Every structure is written in C-alpha cells, then in structure tokens.
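These numbers come from a predicted model, not from an experiment.
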Amino acid sequence: RQGLFEAAHSGTLFLDEAGEMSAAAQAKLLRVLVDGEVLRVGSTQTRKVDVRVLVATHRNLEERVQQGLFRQDLYYRLAVVPIRIPPLRERKEDIPGLCEILSDQIAKDLKVRPKRMSPEALQKIANYTFPGNIRELRNLLERAHILGRREEIAGDELPIEDKSYAATAPQKMEMRDWLRTLPASVDLRELLTDFEKGLIERALEQANGVQAEAARMLGVSRSDIGYKVAKFALG
C-alpha cells in the first residue's frame with residue numbers, strides 16, 4: 001500500500017520528534033533522502049519520490065550526534081535550513097496574540113463563543129515559565145473555555161503558579177546545605193529512587209498528565225516516561 005513518502009510526492013512531509021527515531025528508522029530515512037526512492041513493504045520494486053522533508057525536535061541533534069544516538073550523515077542531510085523556535089518563556093510578547101488565535105481555534109472546535117483574556121489573566125501567565133510551551137497554553141485556554149462561567153477568562157480560572165527558572169537557585173542551595181549535614185548512614189539507591197519518582201510526579205502534574213509533555217520537560221523519551229510511570233505505579 002502507499003506509504004507516507006508516496007502520499008507526499010510533489011509535496012511536503014513533516015516528521016515530528018525526529019530526535020527520537022531509532023537507528024533503523026534513521027537508516028531508512030537517509031536512504032530515501034540520498035536515493036529519492038522508496039520500497040513498499042513486501043515489494044521488490046523501488047518507486048521514485050520527490051518530497052520536501054521538514055523535521056522538528058526538542059532535542060539538540062548536534063549533541064545526539066556526538067553521543068552516537070543520531071547519524072551524522074543524516075543530520076547534515078536534514079540540517080540544510082535549521083530554524084530555532086524559542087520556547088514560549090523567551091517570547092512573552094507573543095502570548096496575547098497566541099491567546100486570541102488559540103481561543104478562536106478552541107471555540108470553533110467546541111462550537112462556543114471565543115473568550116478573551118482579562119488583564120489579570122494576562123498578567124498571571126506573563127509570570128509563568130510554560131514548561132509545556134504552546135501546548136500547555138492551549139490546554140489552559142481550553143480548560144477555561146469548558147469550565148469558565150464568565151465572558152472572559154479570569155486569572156483564577158488559570159490553575160498555574162507564578163514562578164521563574166531563577167527559583168531553582170534556592171533549591172540548589174538547600175541541597176548543598178543538606179549535604180553539609182549528611183547523615184551517618186544514607187541509602188543512596190533509595191534516595192535517588194525517591195528523587196526520580198518525585199521529579200516525574202511533578203513533571204506529570206505540570207504537564208496535566210500528558211506523558212509526552214512530561215518527557216519533553218525532563219529531556220527524556222516518551223518510552224522512558226512510560227516505563228517509569230509503570231515502574232513507580234504513577235498511572
């Protein structure tokens with residue numbers, strides 16, 4: 001049957017999370033990019049394709065190449081025109097416009113009237129770091145459209161806390177202070193397990209239970225998070 005490359009012939013194929021591709025998938029993609037041909041499963045005859053390929057990833061592919069996790073030859077085939085999209089926390093000036101666009105999309109999907117952000121709601125999200133980026137912003141707006149009872153979205157309808165990445169400094173200081181008074185006996189494995197479990201729980205909470213978002217926040221793969229969720233019985 002027709003595959004994605006054939007379906008995208010004379011057009012564009014978008015591949016999300018390219019940094020998570022397996023070694024086998026990387027080899028197959030490289031072969032298509034080099035030869036411009038695909039081989040259907042079960043077939044012995046190749047077919048020519050002309051496809052523009054766009055890929056996206058939250059990973060640093062150059063680091064993945066150095067770590068041996070991503071093929072260098074494939075990286076140079078893909079990184080012809082690299083475009084870096086800054087995280088939402090680095091472009092707060094875009095938030096008001098994004099809220100309007102997302103609210104219109106959400107209202108259309110839910111078949112309701114779009115809601116605009118109140119000044120206090122805009123101020124509240126201006127102080128938020130958005131670890132889940134635009135997906136998290138859409139999630140918050142969708143929840144407010146469903147549960148909100150007002151014509152506009154009020155600050156108390158956004159279940160987020162004002163925070164900053166600078167707030168991690170006191171936590172590091174607390175860790176150093178704790179190490180100065182290290183107990184006579186410490187179970188390192190138990191300590192690391194508890195820390196890992198707590199970190200994953202916090203990430204899942206901030207990602208509203210979406211494992212893919214939690215994985216993105218922690219810099220691990222979706223399968224890693226799924227394994228840990230099952231291991232710690234967090235599901």
Side-chain angles (χ1 to χ4, degrees), residues 4 7-8 11-20 52-59 83-165 167 198-226 228-230 233-235:
L4 294 177
T12 301
L13 178 64
F14 174 65
L15 303 174
D16 198 7
E17 295 300 348
E20 307 295 340
R52 175 175 55 188
V53 178
L54 302 180
V55 301
T57 179
H58 74 285
R59 299 281 194 178
I83 301 174
R84 178 182 180 271
I85 301 179
L88 195 54
R89 64 179 178 274
E90 294 181 9
R91 47 192 176 110
K92 295 292 184 69
E93 67 279 1
D94 291 344
I95 289 180
L98 285 171
C99 286
E100 288 191 19
I101 294 172
L102 293 173
S103 291
D104 289 339
Q105 293 176 352
I106 292 168
K108 183 178 180 181
D109 292 340
L110 298 177
K111 295 181 174 55
V112 297
R113 293 181 60 184
K115 295 185 178 183
R116 301 308 177 196
M117 302 287 286
S118 66
E120 58 268 26
L122 284 173
Q123 181 60 44
K124 187 172 184 178
I125 63 175
N127 296 324
Y128 186 57
T129 54
F130 281 101
N133 285 305
I134 293 181
R135 288 186 179 92
E136 183 179 8
L137 176 60
R138 181 187 170 90
N139 179 280
L140 291 170
L141 294 176
E142 188 170 3
R143 182 183 304 177
H145 274 75
I146 295 173
L147 301 179
R149 298 180 178 276
R150 304 167 186 154
E151 290 297 322
E152 64 177 7
I153 299 174
D156 58 4
E157 293 175 335
L158 300 175
I160 58 177
E161 301 175 2
D162 294 346
K163 58 184 72 176
S164 169
Y165 275 90
L199 195 62
I200 293 173
E201 284 179 325
R202 180 58 176 160
L204 287 169
E205 179 184 341
Q206 291 190 5
N208 299 306
V210 180
Q211 293 187 12
E213 290 297 333
R216 188 189 301 274
M217 292 161 56
L218 295 174
V220 298
S221 69
R222 167 66 178 78
S223 59
D224 286 339
I225 283 290
K228 297 295 184 182
V229 167
L234 300 177

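- Heavy-atom contacts from other residues, nucleotides or ligands closer than 6.0 Å to CG of L54 number more than 12.
- The backbone N or O of R89 lies less than 3.5 Å from no partner atom in the side chain of T129, so there is not a single donor-acceptor pair.
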| said: Could you walk me through whether R216 and E136 satisfy the salt bridge (Lys or Arg N to Asp or Glu O under 4.0 Å) test, starting with their C-alpha distance in whole Å, then the side-chain angles of each, then the deciding distance to 0.1 Å, before giving a yes or no? | reply: CA-CA 12 Å; R216 188 189 301 274; E136 183 179 8; over 6 Å; no

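- Under the 4.5 Å side-chain criterion, counting only non-hydrogen atoms from C-beta, L147 is not in contact with E157.
- Not one N or O on the side chain of K115 forms a donor-acceptor pair closer than 3.5 Å with the backbone of S103.
- Among residues two or more places apart in sequence or in another chain, the side chain to side chain donor-acceptor pair (under 3.5 Å) test is passed with E152 by none.
- Here the CD1 atom belonging to I146 is positioned 8.5 Å from the CD1 atom belonging to I106, to the nearest 0.5 angstrom.
- The distance from the CG atom of L122 to the CG atom of N127 is 11.5 Å, given to the nearest 0.5 Å.
- Put simply, the side chain of S118 gets close to the backbone of I153: a donor and an acceptor are under 3.5 Å apart.
- The shortest non-hydrogen separation linking C99 to I125 is SG-CD1, 3.9 Å.
- Qualifying salt bridge (charged side-chain N to carboxylate O under 4.0 Å, His left out) partners for R52, counting only residues two or more places apart in sequence or in other chains: none.
- The CD atom of Q211 sits 10.5 Å away from the OG atom of S223 when rounded to the nearest 0.5 Å.
- With respect to D104, the salt bridge (Lys or Arg N to Asp or Glu O under 4.0 Å) criterion is satisfied by exactly one of R116, R138, R113: R116.
- The closest donor-acceptor contact from the side chain of R59 to the backbone of G219 lies under 3.5 Å.
- Counting heavy atoms from C-beta on, the side chains of N139 and R135 never come closer than 4.5 Å.
- The shortest heavy-atom contact between E20 and S221 is OE1-CB, 3.3 Å.
- Here the CD1 atom belonging to I225 is positioned 9.0 Å from the CE atom belonging to M217, to the nearest 0.5 angstrom.
- Closest approach of L140 and F130 over heavy atoms only: CD1-CE2, 3.8 Å.
- Atom CG of L199 has more than 12 heavy atoms from other residues, nucleotides or ligands within 6.0 Å.
- Checking side-chain atoms of K124 against main-chain N and O of L158 turns up a donor-acceptor pair under 3.5 Å.
- With rounding to the nearest 0.5 angstrom, the CD atom of Q206 is 11.5 Å from the CD atom of E213.
- Of all non-hydrogen atoms in A154 and A121, the two that sit nearest each other are C-CB, 3.9 Å.
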| Test side-chain contact (heavy atoms from CB on, under 4.5 Å) applied to R222 and E17, step by step | CA-CA 10 Å; R222 167 66 178 78; E17 295 300 348; over 6 Å; no

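- Counting only heavy atoms from C-beta outward, the side chains of H58 and N133 never approach each other to under 4.5 Å.
- The closest side-chain heavy-atom distance from Y128 to L137 is not below 4.5 Å.
- The 12-atom threshold is exceeded at CD of E90, counting heavy atoms of other residues, nucleotides or ligands nearer than 6.0 Å.
- For the pair M117 and L141, the minimum side-chain heavy-atom distance is below 4.5 Å.
- Using a 4.5 Å heavy-atom cutoff, the side chains of L88 and L98 are in contact.
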